Amino acid sequence: MLKESVNGQPLVYLDSAAPTQRPREVVDALSKFYLRDNANPAKSLHTLASRSAAAYDAARAKVARFLNARGPEEIVWTRGTTEAINLVAASWGGTNLGPGDEVLVTVSDHYSNLVPWQLATRRVNATLRVLDVSDDGYLRLDPLDALLSKRTKLVTFPHVSNVLGRINPARDICERAHRAGALVLVDAHSPSLISRSM
């Protein structure tokens, strides 16, 4: 698709927050699966289900290694970032947030990250704190340490803001949040990641 021309110009596709274009390798892998192994993953039902389960387990193990997770059981598949964030906000938020706890978001969050945390904090009478941006659209990191406290349970931010187009310093934000004892959820628009304090 990206080799096409539109109105005599090379196609440039920037709407990746919606359906992103798939590389040939992904399309080929999906086609191979649908043509050869398409079945619900189950190790003991029948041959196709067994092959599907093996591919499923291998993919979880590969992603776990890539993310430096403790094991494949930490990998949860979702259909996309929005579903993943809603799942984390409802499940983890419902279990781990309580009155007086805080969740730190940014003013540059997409609604798919902001709204689930607004709802999660409201349900349990927790506080939603907001990290602002500077006039040039970059996150203002100078007040970050002052916003973090022992009550901060989670810091969540977009790696790349689709609101402002800025790449946020994920490593720095994560390190500072972890030092304060908070978990971090990075809205990466391909898997959102929860990181643990090491």
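All figures in this text were calculated on a predicted structure; none of them were measured in a lab. Numbers here simply count residues along the sequence, with the first being 1.
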Inset, instruction - Could you grab the distance from atom CG of L183 to atom NZ of K153, nearest 0.5 Å is fine? - result: 9.0 Å
Inset, instruction - Could you tell me whether the side chain of L67 reaches within less than 4.5 Å of the side chain of I75, counting heavy atoms only? - result: yes
Legend entry - Those residues that, when tested against R151, pass salt bridge (Lys or Arg N to Asp or Glu O under 4.0 Å) (two or more places apart): E102
Inset, instruction - Give the cluster check for F157 versus L128: same hydrophobic cluster or not, with ILVMFWY residues linked at side-chain heavy-atom distances below 4.5 Å. - result: yes
Legend entry - Qualifying residues under side chain to side chain donor-acceptor pair (under 3.5 Å), relative to R65, sequence neighbours excluded: none
Legend entry - Heavy-atom closest contact (D101 atom, N96 atom, distance): OD2-O, 3.6 Å
Legend entry - Minimum heavy-atom distance between T82 and N86, given as atom pair plus value: O-ND2, 2.8 Å
Legend entry - Partner residues of R60 under the salt bridge (Lys or Arg N to Asp or Glu O under 4.0 Å) criterion, sequence neighbours left out: none
Inset, instruction - Name all residues meeting the side chain to side chain contact (heavy atoms under 4.5 Å, CB included) criterion together with A29; count only those two or more places apart in sequence or in a different chain, and write none if there are none. - result: none
Legend entry - Distance (rounded to the nearest 0.5 Å) between R24 CZ and S31 OG: 8.5 Å
Inset, instruction - Using the test side chain to side chain contact (heavy atoms under 4.5 Å, CB included), find all partners of V26 that sit at least two apart in sequence or belong to another chain. - result: R22, P23, L30
Inset, instruction - Using the rule that two of Ile, Leu, Val, Met, Phe, Trp, Tyr join whenever any of their side-chain heavy atoms come within less than 4.5 Å, decide whether F33 and V63 are in one cluster. - result: no
Legend entry - Shortest non-hydrogen contact between R140 and V133, atoms and distance: CG-C, 3.4 Å
Legend entry - Results of side chain to side chain donor-acceptor pair (under 3.5 Å) for S50 - residues two or more places apart only: none
Inset, instruction - Check V103, L154, V105 against L185 for a side chain to side chain contact (heavy atoms under 4.5 Å, CB included) and give me the one that passes. - result: L154
Inset, instruction - Please examine the side chains of S5 and L11, heavy atoms only from C-beta on, and report whether any two atoms are closer than 4.5 Å. - result: no
Legend entry - From OG (S108) to CG (D132), nearest 0.5 Å: 9.0 Å
Legend entry - Residues clustered with V76, ILVMFWY side-chain links under 4.5 angstrom: L87
Legend entry - For L35, the rest of its hydrophobic cluster, which grows through side-chain links under 4.5 angstrom: none
Legend entry - Residue list, side chain to side chain contact (heavy atoms under 4.5 Å, CB included) with L148, at least two apart or on another chain: L104, L144, D145, T152, V155, R176, A180
Inset, instruction - Evaluate the side-chain proximity of L139 to R166: yes if any heavy-atom separation is below 4.5 Å, no if none is. - result: no
Legend entry - By salt bridge (Lys or Arg N to Asp or Glu O under 4.0 Å) - contacts of E175 (at least two apart): none
Legend entry - Separation between OH of Y138 and CG of N168, rounded to the nearest 0.5 Å: 9.5 Å
Inset, instruction - Decide if atom CG of L141 counts as having more than 12 heavy atoms of other residues, nucleotides or ligands within a radius under 6.0 Å. - result: yes
Inset, instruction - For residues Y111 and P116, report the shortest heavy-atom separation together with the two atoms involved. - result: O-CD, 3.6 Å
Inset, instruction - Following the transitive rule for hydrophobic clusters with a side-chain heavy-atom cut-off under 4.5 Å over Ile, Leu, Val, Met, Phe, Trp and Tyr, establish whether L147 and V130 coincide in one cluster. - result: yes
Legend entry - Within-4.5 Å side-chain heavy-atom neighbours: T156 and V186: no
Inset, instruction - Evaluate the side chain to side chain contact (heavy atoms under 4.5 Å, CB included) criterion for residues V184 and I173: first the C-alpha distance (whole Å), next the side-chain angles of each, then the deciding distance (0.1 Å), finally the verdict. - result: CA-CA 9 Å; V184 178; I173 295 169; 5.5 Å; no
Legend entry - Inter- and intrachain pairs under side-chain hydrogen bond (donor to acceptor under 3.5 Å, both in side chains), touching residues 34-46, at least two apart: D37-R51, K43-D57
Name the atoms and distances for all side-chain donor-acceptor pairs under 3.5 Å in residues 117-127, with sequence neighbours left out.
{"residue": "W117", "atom": "NE1", "partner": "N113", "partner atom": "OD1", "Å": "3.3"}
{"residue": "T121", "atom": "OG1", "partner": "W117", "partner atom": "O", "Å": "2.8"}
{"residue": "T121", "atom": "OG1", "partner": "Q118", "partner atom": "O", "Å": "3.1"}

Legend entry - Heavy-atom closest pair, residues A53 and A42: CB-N, 3.6 Å
Legend entry - T78 versus A84, closest heavy-atom pair with distance: OG1-CB, 3.5 Å
